[in-house]
Trainee: 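Following this message is one structure expressed as structure tokens.
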Amino acid sequence: MDEPERWRHMSTAPKDGSRILVTVRPSEQGPAEVDLAYWARGDQFAGEGWRASDSSPGRVVEYAEPELKCWMPLPSANLSRGGSLPAPWEGEDAQQLDGSGI
């Protein structure tokens, strides 16, 4: 896609089940935020519509169309654009990561 790091109108969002970034409008529940979502066909758990990617059977998080302001494709790890991936962690014990060995 052209200009993958640009927000786009929700009317152009893919409805093929692919994961995308969405801007959730601010509401009485909190400020605007970005979430990972996808378009789902209706099933035994919920109707057709936008779902948060962390939904699970029986615990579906759905978004109504007016709740979503815009969308963007997921960024890719495009190393040709000057970015780089972090080096693998080379510590002695994985339990030391993020202080989890305390």
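Quick caveat, the model's predicted, so the values are computed rather than measured.
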Trainee: Who pairs with A13 by side chain to side chain contact (heavy atoms under 4.5 Å, CB included), at least two apart in sequence or on another chain?
Mentor: M10, I20, W50, W71

Trainee: Applying the 4.5 Å side-chain criterion to the ILVMFWY set and letting contacts propagate, would V34 and L74 be lumped into a single cluster?
Mentor: yes

Trainee: Do W39 and E48 have side-chain heavy atoms sitting under 4.5 Å apart?
Mentor: yes

Trainee: With a 4.5 Å cut-off on side-chain heavy atoms, are S53 and V61 touching?
Mentor: no

Trainee: My understanding is that only residues two or more places apart in sequence, or in another chain, count here; which of them pass side-chain hydrogen bond (donor to acceptor under 3.5 Å, both in side chains) with Y63?
Mentor: D35

Trainee: Ignoring hydrogens and angles, write down the donor-acceptor pairs under 3.5 Å from the side chains of residues 23-31, residues two or more places apart or on other chains.
Mentor:
{"unit_1": "R25", "atom_1": "NE", "unit_2": "P66", "atom_2": "O", "d": "2.9"}
{"unit_1": "S27", "atom_1": "OG", "unit_2": "Q29", "atom_2": "N", "d": "3.1"}
{"unit_1": "S27", "atom_1": "OG", "unit_2": "Q29", "atom_2": "OE1", "d": "3.0"}

Trainee: So, for C70 and W7, which heavy atoms are closest and what is the spacing to 0.1 Å?
Mentor: SG-CE3, 3.6 Å

Trainee: D54: what forms a side-chain hydrogen bond (donor to acceptor under 3.5 Å, both in side chains) with it, not counting sequence neighbours?
Mentor: none

Trainee: Please enumerate all residues that pass side chain to side chain contact (heavy atoms under 4.5 Å, CB included) together with S11, with sequence neighbours excluded.
Mentor: H9

Trainee: Sorted by first residue and then second, give each salt bridge (Lys or Arg N to Asp or Glu O under 4.0 Å) pair with at least one member in residues 10-20; sequence neighbours left out.
Mentor: K15-E65

Trainee: Identify, with sequence neighbours excluded, every residue that meets salt bridge (charged side-chain N to carboxylate O under 4.0 Å, His left out) alongside K69.
Mentor: none

Trainee: The test is side chain to side chain contact (heavy atoms under 4.5 Å, CB included); show your working for V22 and L36 and say whether it passes.
Mentor: CA-CA 6 Å; V22 294; L36 185 63; over 6 Å; no

